[in-house]
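The next block holds one structure in the form of structure tokens; read it before the comments.
In what follows, every chain begins at residue 1, and chains take the letters A, B, ... in the order their sequences are listed. Note: hydrogens, waters and symmetry copies are ignored here, and every other heavy atom, side chains too, is used. All values derive from a computational prediction rather than experimental measurement.
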Amino acid sequence: MRPERYNAKEAEPKWQAAWAKEDIFRTRNDDPRPKHYVLEMFPYPSGRIHMGHVRNYAMGDVVARYKRARGFNVLHPMGWDAFGMPAENAAMQNKVHPKDWTYRNIDTMRGQLKSMGLSLDWSRELATCDPAYYKHQQRMFLDFLKAGLVDRKTAKVNWDPVDQTVLANEQVIDGRGWRSGAPVEQRELTQWFFRITAYAQDLHDKLDTLERWPEKVRLMQRNWIGRSEGLLVRFALRPATAPAGETEIEIFTTRHDTLFGAKFMAIAPDHPLAKAAAAKDPTLAAFIEECRQIGTAQEAIEKAEKLGYDTGIRALHPFDEGWELPVYVANFILMEYGTGAIFGCPAHDQRDLDFVNRYGLGNTPVVCPPDVDPAQFVVTDEAYDGDGFLINSRFLDGLSIEAAKEEVARRLESEVRDGRPQAERKVQFRLRDWGISRQRYWGCPIPVIHCDACGVVPVPVEDLPVTLPEDVTFDVPGNPLDRHAAWRQVPCPACGAAARRETDTMDTFVDSSWYFARFTDPWREGEPTDRDAVNAWLPVDQYIGGIEHAILHLLYSRFFMRAMNATGHSDVPDGEPFDGMFTQGMVVHETYRAADGSWVTPAEVKVESEGGTRRAVRIGTGMPVEIGPIEKMSKSKRNTVDPDDIIASFGADTARWFMLSDSPPERDVIWTEEGVQGAARFVQRVWRLIGEIADAAGADAGGRAEAPEALVVRKAAHRALAAVEESIEGLRFNVAVAKIYELANALQAQLGEARGKGGFGPALREAGEIFLQLLAPMMPHLAEECWAALGRKGLVAEAPWPVLDRSLLVENTVTLPVQVNGKKRADVTVARDASQSAIEAAVMELDAVRRAMEGRPVRKIIVVPQRIVNVVA
RNA sequence: GCGGGUGUGGCGGAACUGGUAGACGCGCUGGACUCAAAAUCCAGUUCUGGCGACAGAGUGUCGGUUCGAUUCCGACCACCCGCACCA
């Protein structure tokens, strides 16, 4: 006896168990079918899954289940991005060990993900905090080191003097540490770097080949890499003015055409020449110190005025030795970009103009806009950076900007001073090397040893992994590894003398830069990867995740793939790990505020709707609650909905369905109670519909001539099949959902039409089965339950995708809209292959057309076959 | 400042290469069933006028191309996002 209502609470665990029993989602590397790798960004085990995870994994699961049904060998793994600061924060606050905290969270979240019914190969699960994972990461670090892809150099960091730790830029708020509130200092620390800049050009160029990436993401990466073509120019210094041993300044410019507009030189406060000059000039030293202070906060930089200090040093113009330019130390010059020095051409650069206007250095325009009289052209407050022709520039006068650049480059390249050319063409990147050192405990230890005699010595591969010590405390600020004498002290692998372990750990972005490769053979012990497995599975066919990782994570992964290729760990074409990339939108929700201004969580709010106006009250007290703007679900605004609650009360299928419906996947989706109710309603509707189909088909098993309804039903099913295929392939899940609704409506309507008649049972059953197969990637549990109710043996999750019958997509007669002068006036139904003249004749018979013509003669009739007819009066 | 995106009913959104604007869902209105409620079912729902057939307007604004424009072109407006003293 079929129950009246579908009970998700009972059905979902039952089918999850059935899938697990058959182990149908386990993927074998030796499966001969074509591969398809579907990957969603693995979660950080923060405690519990949130709706963003539900959305992300629901999308990935649709693709995985769909591709599996279509005969692909699908890899769809899951793991944990398990190192990171929150675990250490929890350790400090709750006296729990980061490892215990992390693994407890993993257990909770694994259970939650399993309750979603995702088609994951759990046998490949990995956690980045597992030595079995990070030992391979250490191995690759050593290989990269050997290959020259790792650097050790000093870099400025944000230092929190209270917490005694390095802070990321995002952790500096108004110049203060986000936890301690202490003013952040700039410190120079020796750090480890991955030489991502070695691949800057390739990372930039290959973006063009990533056709299945969002344009937005490619653009963001392109800007981040920041390629610009220019000229390195050496300016000689007038010896009498220069500090001892200093003979020149090298600058980078992209506007060498404006060299005759130069008014000054400027160098960064931490430029070596500035330091040399400051040694003899205490005022300059003070100025440099002042610049450092401002350097910290982003906000301050924005508002800071262009300040400079004349060092007294004079540089000589490369085209005129008698032309001297004052050398300033200026607060707006960055040591990290180019050479940390510029020549200032105020007429054509806004910053330079602001600067000269402050210090009274004047300006000379050297590029004149087209159609402007050079004699009339002056620059006052606004620099001119548009197109034009050269003026006031001696041998460049009259040239275009491009031609002038070329001429300058050509001349200076061939002009030799001190055995070197005066200038050199250079492609400059904004991208900087990736600093991976973190003064933290809960991360992958950097496998090197510092020996007084031998210097930096890599840990021998056979000694890996360098595991984190577990007996650490967090009651004192700073890195526990620094304080752990027993762990730190180690004999030097080279000479055997007493030496010290590196106590920095790796940026957690390193952990996530290769996990997708590890998934291809996570069992391998001796090597990070099995080359054959990596090469066979990568690139990932479809990667899905949040836009917040559009730059760093994806860029680092692209770097890693190249570095892995270079060190023999893989051989992936172009070093591109992700063939298809999709960035999904966020889950947002209304906010609620009580009278006292405190945030109220949706679970405590009841929203009532009266004639279109919505009011909210607090459950229990009945006190009114103010409905606030829709915002990203966050703990601080308390506008979160717990997936567990939704799954418990409605089931995973309802949650999945709602996450996929309505909003296009790349946009934000608004979580609403009504929307969930609608999804839940559809679940029950499917259950009833399939029940009715089962009954009708059972009573009419065939043997009779087919009724007209049978063809209608078949056509509806195959139309939906074609549309859903296309929508899923294009990741347009909201459209797929709409098409499934349409089929449900059509089946229901035909069921009513055909009631009591015979000759449509088999067609109805067939359509019902197709319907369930379309539904299965999205609501897999419900689909299984219905599949069984239709009397099918086996699992719908294992059923091959229905074969589309294209002949069912064409109609014998078509109804064409008829326009008169572009305005629709009537419809005409004609045979599909009706001739132009037959259609024209039929159209002119129509009353509505005659009326609209108002007696005017027909000038033209445009017939677009199977589309439209337009009569032009 | 530079770069990019978006704009369609009350709401989320759909509309293949220019071809019936508003699929599908939510909400709302009316009705059926019920003692009642929930659930379900039926009908309606872009706006304006009309009892009605119907007519007019309509995809941010203004203009252009076209037999025909949400779609193509130009200018503008609004909102959102990314980067930002990058030489």
Side-chain angles (χ1 to χ4, degrees), chain A residues 4-5 214-224 226-228 230-231 251-256 258 266 298 301-306 330-334 336-345 349-352 354-355 385 428-432 547-548 550-551 609 611-614 657-658 661-664 666-670 672-679 681-682 684-685 688 723 726 732 734-745 748 752 815-827 848 851 859-873:
Chain A
E4 211 165 294
R5 285 181 68 78
E215 187 53 42
K216 182 188 171 80
V217 173
R218 291 197 282 172
L219 203 90
M220 281 163 73
Q221 293 223 351
R222 205 169 281 133
N223 291 341
W224 188 262
R227 182 182 191 277
S228 49
L231 203 63
I251 60 103
F252 175 74
T253 179
T254 55
R255 290 301 303 270
H256 29 296
T258 64
Q298 294 277 335
I301 293 171
E302 247 170 77
K303 291 170 199 140
E305 277 188 275
K306 311 269 174 286
N331 64 350
F332 63 97
I333 307 301
L334 306 171
E336 296 80 9
Y337 187 78
T339 60
I342 62 151
F343 83 89
C345 176
D349 182 293
Q350 193 59 47
R351 286 161 308 168
D352 296 349
D354 294 346
F355 189 78
D385 60 1
Q428 178 69 42
F429 294 95
R430 206 187 72 105
L431 183 68
R432 297 176 209 166
I547 187 78
E548 68 274 18
I551 299 179
S609 179
T613 52
R614 302 170 71 248
W657 184 254
F658 178 55
S661 55
D662 283 353
S663 285
E666 68 278 9
R667 279 200 219 165
D668 291 351
V669 63
I670 307 170
T672 61
E673 180 66 19
E674 291 85 354
V676 183
Q677 297 285 358
R681 209 153 45 218
F682 184 61
Q684 296 303 334
R685 205 181 132 206
R688 284 193 307 273
E726 198 187 311
R732 294 156 50 85
N734 57 322
V735 181
V737 163
K739 297 298 174 185
I740 290 172
Y741 269 117
E742 261 180 28
L743 180 55
N745 292 346
Q748 204 150 23
T815 299
L816 302 177
V818 179
Q819 297 181 337
V820 175
N821 288 336
K823 196 167 284 271
K824 191 200 165 192
R825 296 295 175 183
D827 288 308
R851 233 182 303 135
R859 274 207 285 159
K860 202 178 353 172
I861 299 183
I862 291 155
V863 177
V864 183
Q866 292 171 63
R867 282 261 177 241
I868 202 167
V869 182
N870 193 9
V871 183
V872 185

Completion exercise
The answer to which of A:Arg732 and A:Phe429 contacts RNA chain B further toward the 5' end, by nearest nucleotide, is A:Arg732
Completion exercise
Syn within 90° of 0, anti beyond: B:G58 is anti
Exercise for the section: Under 4.0 Å between any heavy atoms, over every strand shown, what does A:Asp352 touch: base, sugar-phosphate, or nothing? Just pick one. Expected result: nothing
Problem - Heavy-atom closest contact (A:Pro817 atom, A:Ile868 atom, distance) - result: O-CG1, 3.5 Å
Exercise for the section: Select base, sugar-phosphate, or nothing to describe what A:Leu219 touches, counting heavy atoms under 4.0 Å on all strands. Expected result: sugar-phosphate
Problem - Heavy atoms from other residues, nucleotides or ligands near CD of A:Glu726 exceed 12 (cutoff 6.0 Å) - result: no
Practice task
Pick base, sugar-phosphate or nothing for A:Phe252, based on heavy-atom distances below 4.0 Å to the nucleic acid.
Solution key: base
Problem - Under-4.0 Å side-chain N/O to phosphate OP1/OP2 contact, A:Arg667 with B:G13 - result: yes
Handout entry: OP1 or OP2 of B:G27 under 4.0 Å from side-chain N/O of A:Arg681
Key = yes
Exercise for the section: Pick the P atom in B:G7 and in B:G60, then give their distance to the nearest Å. Expected result: 8 Å
Fill in the blank from the handout: Picking from B:U20, B:C54, B:C26, the nucleotide nearest the side-chain atoms of A:Arg851 would be B:C54
Fill in the blank from the handout: In terms of heavy-atom contacts, A:Val818 and A:Asp827 come closest through CG2-C, 4.2 Å
Practice task
Name the nucleic acid region contacted by A:Glu742, choosing base, sugar-phosphate or nothing; use a 4.0 angstrom heavy-atom cut-off, strictly under.
Solution key: sugar-phosphate
Handout entry: A:Lys306 (side chain) and B:C85 (base): donor-acceptor pair under 3.5 Å
Key = yes
Exercise for the section: Between B:G12 and B:C62, how far apart are the P atoms? Round to whole Å, please. Expected result: 22 Å
Exercise for the section: Specify the separation, in whole Å, of atom CZ of A:Arg688 and atom C1' of B:C41. Expected result: 9 Å
Exercise for the section: Quick one: list whatever passes salt bridge (charged side-chain N to carboxylate O under 4.0 Å, His left out) with A:Arg227, sequence neighbours left out. Expected result: A:Glu229
Problem - Closest approach of A:Phe252 to A:Ser228 (non-hydrogen atoms, all atoms of both residues) - result: CZ-O, 3.9 Å
Practice task
Give a yes-or-no answer on whether the side chains of A:Asn745 and A:Arg685 include a donor-acceptor pair shorter than 3.5 Å.
Solution key: yes
Handout entry: Rounded C1' spacing from B:G52 to B:U34 in Å
Key = 36 Å
Problem - Touch class at under 4.0 angstrom, heavy-atom based, for A:Arg825 against every strand present - result: sugar-phosphate
Problem - Short side-chain N/O contact to B:A57 OP1/OP2 from A:Lys823, under 4.0 Å - result: yes
Handout entry: Inter-nucleotide C1' distance (B:A23, B:U45), Å rounded
Key = 15 Å
Problem - Whichever of A:Ala738 and A:Arg255 has its nearest RNA chain B nucleotide further upstream toward 5' - result: A:Ala738
Exercise for the section: May I ask you to say what A:Ile333 touches in the nucleic acid, namely base, sugar-phosphate or nothing, with a heavy-atom cut-off under 4.0 Å? Expected result: base
Handout entry: Whole-angstrom distance between B:A53 and B:C41, as gauged at atom P
Key = 28 Å
Handout entry: Selected nucleotide, minimal atom distance to A:Ile868 side chain, candidates B:A14, B:G19, B:C86
Key = B:G19
Handout entry: Whether A:Tyr741 and A:Trp657 hold their rings parallel, tilted or perpendicular, with breakpoints at 30° and 60°
Key = perpendicular
Exercise for the section: Answer with base, sugar-phosphate or nothing: what part of the nucleic acid does A:Thr253 contact at a heavy-atom distance below 4.0 Å? Expected result: sugar-phosphate
Practice task
Scan A:Asn870 against the nucleic acid and name what it touches under 4.0 Å (heavy atoms): base, sugar-phosphate only, or nothing.
Solution key: base
Problem - Any A:Asn734 side-chain N or O less than 4.0 Å from OP1/OP2 of B:A14 - result: yes
Practice task
Would you indicate what A:Arg859 reaches in the nucleic acid, counting non-hydrogen atoms under 4.0 angstrom: base, sugar-phosphate, or nothing?
Solution key: nothing
Exercise for the section: Look at the side-chain N and O atoms of A:Arg432 and state whether any lies under 4.0 Å from the OP1 or OP2 oxygen of B:C86. Expected result: no
Completion exercise
Here RNA chain B, pairs taken as Watson-Crick or G-U under 3.5 Å and shown with ( ), [ ] when crossing and | when to another strand, reads (((((((..(((......[....)))((((((.......))))))((((....))))..(((((..]....))))))))))))....
